[in-house]
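Okay, so here's the structure we're looking at.
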Amino acid sequence: MDYKNASLPVDKRVADLLSRMTIEEKIGQLIQPFGWKSYLRREDGTVDITEEFMSMMEAGGIGSLYGTLRADPWTGVTLENGLSPAEGAEALNVLQRYALEHTRLGIPILFGEECSHGHMAVGATVFPVPLVVGSAWNPELYEEMCRAVAVETRSQGGAVTYSPVLDVVRDPRWGRTEETYGEDPYLAGVLAVAAVKGLQGQSLDSADSIAATLKHFTGYGSPEGGRNGAPAHLGLRELHETDLYPFRKAVEAGASSIMPAYNEIDGVPCTSNRYLLEEVLRQEWGFDGLVITDCGAIEMLQSGHNTAATGEEAVAAAVKAGVDMEMSGGMFRGHLAPALEQNAVAAAELDLAVSRVLTLKFRLGLFERPFADPARAKEVIGSKAHKQLARRIAEEGIILLKNNSRTLPLSKDIGSLAVIGPNAHSPYNQLGDYTSPQPEGQIVTVLEGIRNQLGYERVHYAPGCRIKDGSREGFPRALEAAAQADATVLVIGGSSARDFGGGTIDLRTGASLVTDHVWSDMDCGEGIDRSTLHLLGVQLELARELRKLDKPLIVVYINGRPVTEPWIDEQADAILEAWYPGQEGGNAIADILFGEVNPSGRLPLTLPKHVGQLPLNYNSRRTRGKRYLESDLSPQYPFGFGLSYTEFQYSGLRIEPGVIGPDEEALVHVDVSNAGSLAGAEVVQLYVSDLAASVTRPELALKGFSKIRLQPGERRTVTFPLNREHLELVGMDLRRIVEPGEFMVRVGSHSASTVSCSLTVRESGVQ
């Protein structure tokens, strides 16, 4: 049988296998049920295959399983009933072996897993969330992280991940802001390429590679009112210039899979949008990979969007638009065969979708190497090297927003320090959404990180309050702790922690409690959108009371979206924005507080003064309007902003040559010096302004960046290319074009602090 001959080209193997398949077997390949329902764990860590799984295999098989090793409250997989790294690999081998031995053609299962910031399985490394990655501005480091995620996932048998998230954020009230790289399409595009390279490696069939799935395609980061899955009000030009840009760059980098978004654009759901999935993705960009829906998205066509009256109409609309596989699988399982019988779906359309599923499996090497290596899974998952990498990413992504009178770094000779706040010692609150349950001691909290630096005796801790609860019963103990100390670190913000059990804290003692009453701190994450960006509960009131003690007040935000609290911006002596910094976040924050690491994070989002300014993005079009009656449009902190413990100076900006044709390249040079007394890293940022164009343009747009490290007194020349990729716009006919005219080129430390010079683009053919 040719399909089992590894020496043949993939397309010939696919054609041979497809010719041997029945209708039921073809439909089975397009179905992805929930994988955690396919096995039952025995007490000794081995597994039994469920009747549900066996019956699906007998009825034509399945193409893929979703989240087989996913552990969280939704799946019901806990530390107690979950599988260790080696046991997880063994379990997937059991399922895979059954598929190979108990089906007619022996087609291997494609195991798909969630890996937004680490494999969502018991024991896996929990890296900082993507918003921290966006704040680090270090694509090489992110690529290294994605390689680590791929190694951990593939070692257990996972072969595809449903990441990276490439949504461009317009409204940070959206609960999934934490899963993105921020508001800028160029930054997202650079990090998208790093993600694809890191996850997929040199070859998909490597033991250390997994297929990347780009999501959510597209406009998902622009929901009406910041409400998850709401309509995206976007014109085609803006769609191409902004939302589609990072997806295009990732496709060019070789991404293997893509996931349509839940939302609609101009009345057309993305799951059935043939323009996006066929005309743009496949025809214009040349994508030849797999398109898989989000969970339940086809069902939404019938009951949600209501663009289909029946299940058959819904599956037909998705297939005809270009969908190949259904996550959750229920609609294809129940309605695809009737749709074929009714000629709503053509046999050729079914074969095309199946061929794409099989192609990915062949490219991943699943037919030759279908099994995982439990010994390697035990060795690499949660390794010391991966923990160190998680710490480095957190260190580079934490942003110093304010530092009055050089409050930071703190001296280790300080007498004592008060560590206060609901996020000071709450492990799950610093991890973000899409996180598995964690064993005790796995997560280093801020309190633990500071104690690692100062010792136990010199650190006074009190939680003070909870994230959302209105109780002030913890205030007296918090104020007592702060009164004893020389300075206070107040760790506040939000949480995306789902219900991992009844653990909470006693506000009066700070002790951990196990109680029947579960205090939910969750104010962010998928489906958790906000109408404001203020701190919840009595956190601000706690900060006000601590300020009255007239001790240095250092605020550390741990959160999944920006906080707008003007009083804290004004009254705090220093402010760190840490987002959700992952399992080593406490050590990383302590490193920055005590100057072991010089902060180098920069904002990937514009931080507003209040929600009435939203949407507030640095790259809005010139015609965005002037101001409100009560306020202007200036942000609290601009895009790209972040302080350092040293000072960087820019000089000698020049462009060579100063006049180019539309298909030529210029080089931008700038000299950057470390004028301070400490070594540090600076993110040199390049922005371009198109001064006059046939369509309205942003006032400025990021087109390059470089993170450099300089010793005190050191100067370096940083060079950026400027070519068609950086100067083009989407014209009246929706085609990308470079128009002749003058461009202002700006380079600096952030979007509101730059030096500038001009570049002229002449007409094509004119010398």
Any donor-acceptor pair under 3.5 Å from E326 side chain to I292 backbone: no
Residues E252, R248: salt bridge by 4.0 Å N-O rule: yes
For W137, all residues meeting side-chain hydrogen bond (donor to acceptor under 3.5 Å, both in side chains), sequence neighbours excluded: none
Backbone of M327 reached by a side-chain donor or acceptor of T293 within 3.5 Å: yes
Any donor-acceptor pair under 3.5 Å from T153 side chain to V149 backbone: yes
Flag if over 12 foreign heavy atoms under 6.0 Å of NZ, K249: yes
Verdict with reasoning, L727 to V761, per side chain to side chain contact (heavy atoms under 4.5 Å, CB included): CA-CA 9 Å; L727 301 174; V761 176; 3.9 Å; yes
Pairs touching residues 208-221 that satisfy salt bridge (charged side-chain N to carboxylate O under 4.0 Å, His left out), sequence neighbours left out: E114-K215, D208-R376
D11 atom CG, neighbour heavy-atom count above 12 within 6.0 Å: yes
Parallel, tilted or perpendicular, as decided by the 30° and 60° cut-offs, for the rings of F641 and H750: perpendicular
Side chain E664, main chain G661, donor-acceptor under 3.5 Å: yes
Validation row, ring centre Y142 to ring centre Y181 under 6.0 Å: yes
Heavy-atom donor-acceptor pair, S206 side chain to S203 backbone, under 3.5 Å: no
Throw together a table of side-chain donor-acceptor distances under 3.5 angstrom for residues 701-708, partners on residues two or more places apart or in other chains.
from: K707; atom 1: NZ; to: A136; atom 2: O; distance (Å): 2.8
from: K707; atom 1: NZ; to: E396; atom 2: O; distance (Å): 3.4
from: K707; atom 1: NZ; to: E396; atom 2: OE1; distance (Å): 3.0
from: K707; atom 1: NZ; to: S600; atom 2: OG; distance (Å): 2.9

By side-chain hydrogen bond (donor to acceptor under 3.5 Å, both in side chains) - contacts of Q202 (at least two apart): none
Under 3.5 Å donor-acceptor, S64 side chain and L110 backbone: yes
Salt bridge D351-R356, side-chain N to carboxylate O under 4.0 Å: no
Identified salt bridge (charged side-chain N to carboxylate O under 4.0 Å, His left out) counterpart of E241 within the set R736, R621, R735: R621
Pair R170-D243, salt bridge (charged side-chain N to carboxylate O under 4.0 Å, His left out): steps then yes or no: CA-CA 10 Å; R170 298 294 206 301; D243 295 79; 3.0 Å; yes
Which donor-acceptor pairs under 3.5 Å do side chains of residues 647-655 form with protein atoms, sequence neighbours excluded?
from: Y650; atom 1: OH; to: E682; atom 2: OE2; distance (Å): 2.7
from: Y650; atom 1: OH; to: G748; atom 2: O; distance (Å): 3.4
from: R654; atom 1: NH1; to: G652; atom 2: O; distance (Å): 2.5

Donor-acceptor contact present, side-chain H233 to main-chain I265, <3.5 Å: no
Residues R716 and E714 bridged, charged N to O under 4.0 Å: yes
Side-chain donor/acceptor of S163 to backbone N/O of V165, under 3.5 Å: no
Ring centers of F247, W285 separated by less than 6.0 Å: no
Flag, side chain of H240 to backbone of R237, donor-acceptor distance under 3.5 Å: no
S256: partners by side-chain hydrogen bond (donor to acceptor under 3.5 Å, both in side chains), with sequence neighbours left out: Q200
Expected output: side-chain R154 to main-chain I210 donor-acceptor under 3.5 Å: no
